[in-house]
Amino acid sequence: MKINVTTGQIEKHKTDGAVLLLFDDEKPGQAAARVDKALGGMIGRLIKRGDFKAKPGAVHLLYPEGRIAAERLALAGLGKRADFTLNRLRQAAGKAAPVLRAAGAKDITVLIDGLGRDNEETGQAIAEGGMLGLYRFLKYKTNEENDRKKDVQKITLLTGTASTVKALRKGVQTGEVIAESAMMARDMVSSPPTDMTPTVIASQAREISRQFGLRLQVLERKQMAKLGMGALLGVASGSTQPPKFIIVEYRKGGKKPFIALVGKTITFDSGGISIKPAENMDKMKDDMSGGAAVLGAIRSAAALKLPLNIVGLLPATENMPSGSAYKPGDVLRTLSGQTIEILNTDAEGRLILSDALAYACTYKPAVIVDIATLTGACGIALGQEATGMLGTHDALKQKISEAGLKTGERVWELPLWEEYHEQIKSDIADMKNTGGRAGGVITAAALLSKFVQKYPWVHLDIAATAWTDKDRPYTPKGATGIGVRLLTQFLRDYQS
Ligand code: BES
Ligand code: MN
Ligand code: ZN
């Protein structure tokens, strides 16, 4: 799909579908008012009668029938001006675009008129909202080609002000890069687990590395054993799929210290010997969402040429039951030297992360951010509207929090007080891998905190936000690609 920015008059602009963005508490802007006039005042009457309210997410489709050059016209609500955010704009674009596609539009034109926001940010938000809202995962549909015929080919941002074009274009380019990265993550997460093994993820990482000039290293079982990654190998021991420890480095930051991003990459979590119930086990293909987010963020950082040094670490394995699987009662020796008693083989994420976090420390990083579908408890605590955030460093948490607000991938902090460590004390090892039902998000993070030494660290629990069971404004149901935009924003704003 192409996204263009041009100047022109909306009423004369030929397009399959035009989008008018309207505030709830304002009269249409100049260009929109001209459209209304051409339509004989229809929009004004619809609003007056209450048939259309420009609430956030509201979309109403009209057929101008020759009175303006557009075949179809979608009115899209932005809510009240005072509450306006870039995320609302993203949502409006993300809602309107699929409505026009469903009606048959293959090229869409969005009128940029009187939004009152920075033009670059405006361009980015519309590109992201449009692309992410139009996303579909069709790879496994035998009539994919037929479905693809309905794809939107082109989105045009139309402005009446020539002086804004340059900034809008720059924003569009940024938005395209970030949306593509998020869609890559969605594709990876949506793929069936047997087709998205650690080996396949490693080769995808290789492909991205080739494309964007990253340095890639993939550690095999033998090398992991030599280093002493006993936790990752313990989890991998039940699977016939070889585990991979994937290291992606992006180096455009001169002598700056590395930013370490660590992503949980369990390509399928059956629970292992502590096997999960059958219901919803299929969803456990999403247990590599953290790894996908890290790959997506590094892809964006490289494409946007951010002046940073970043290392992405993806401990990748299946968690399977078998005769060779690790068992409850086992004690694993981690890369850091600390030992973990296994009470439940389904608490595997924290195990593979313990080795990856210890590995991250070897970079002497400026910060470590890990992202993981770690606990079902996170969904109990926060529902699907926020990612759980825990960490050791206030300024870092603040930065992540701000990135969450900007991107709409919001995070919410949970406490990580010393007292919680009591729950993961083991009688025979340095710690145990579960801390009981109470405060499950926190005790998981408490375990992780033992592997980050003194480095500023934040943990993001995306167990409930990596997948959505319902359509959201620019997130169709399925894999959300969460974390890509959040981490990319964090990196873009990062000042060392
Ligand atoms: N991958 C799961 C967490 C998860 C649950 C992700 C639901 C997405 C949706 C994780 O490995 C897990 O199984 N956690 C256990 C931990 C427990 C055994 C302490 C959980 O949350 O039940
Ligand atoms: Mn598990
Ligand atoms: Zn898991």
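As the structure lists them, so they are numbered: ligands from 1, and atoms in each ligand from 1.
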Do the ring planes of Y494 and F490 sit parallel (below 30°), tilted (30 to 60°) or perpendicular (above 60°)?
-> perpendicular
Heavy atoms of the protein only: does one fall short of 4.0 Å from atom 22 (O) of ligand 1?
-> no
Using 4.0 Å as the upper bound for N to carboxylate O, is an ion pair formed by [Y] and [X]?
X: K283; Y: D286; value: no
X: R410; Y: E402; value: no
X: R299; Y: E180; value: yes
X: D430; Y: K425; value: no
X: K141; Y: D147; value: no

Restricting to N/O/S, name the atom of D287 that gets closest to the Zn ion (ligand 3).
-> OD2
Where on [X] is there a heavy atom closer than 4.0 Å to ligand 1, on the side chain, on the backbone, on both, or on neither?
X: K264; result: side chain
X: D346; result: both
X: K276; result: side chain
X: N319; result: neither

Out of all atoms in ligand 1, which are within 4.0 Å of some heavy atom of [X]? Include the element for each.
X: T373; value: 1 (N), 2 (C), 3 (C), 6 (C)
X: A463; value: 6 (C), 8 (C), 9 (C)
X: M284; value: 1 (N), 4 (C), 5 (C), 6 (C), 7 (C), 8 (C), 9 (C)
X: E348; value: 11 (O)
X: T434; value: 19 (C)

Test item: L216 and I247 side chains (from C-beta on) under 4.5 Å apart, heavy atoms | no
Name the one of L460, D287, V441, L353 that satisfies side-chain contact (heavy atoms from CB on, under 4.5 Å) with L374?
-> L353
Less than 3.5 Å between some nitrogen or oxygen of [X] and one of ligand 1, yes or no?
X: G376; value: yes
X: T375; value: no
X: D269; value: yes

Indicate if the distance from the Mn ion (ligand 2) to the nearest N, O or S atom of E348 falls below 2.8 Å.
-> yes
Give the residue and atom name of whichever protein heavy atom lies nearest to atom 14 (N) of ligand 1, and the separation in Å to one decimal.
-> L374 O, 3.4 Å
How far is atom 18 (C) of ligand 1 from its nearest protein heavy atom, and which residue and atom is that?
-> N344 ND2, 3.4 Å
Closer than 4.0 angstrom: is that true for some heavy atom of R350 and an atom of ligand 1?
-> yes
Just how far is it from atom CZ of R117 to atom CD of Q124, taken to the nearest 0.5 Å?
-> 13.0 Å
I178 CD1 to L486 CG distance, which is reported to the nearest 0.5 Å | 11.5 Å
Rounded to 10°, how many degrees is the angle OE2/E348-the Zn ion (ligand 3)-OD2/D269?
-> 90°
Give a yes or no on whether K264 keeps an N, O or S atom under 2.8 Å from the Zn ion (ligand 3).
-> yes
N, O or S atom within D269 nearest to the Mn ion (ligand 2), by name | OD2
Side-chain donor-acceptor contact under 3.5 Å, [X] with [Y]:
X: D394; Y: Q398; answer: no
X: T407; Y: E409; answer: no
X: Y135; Y: D187; answer: yes

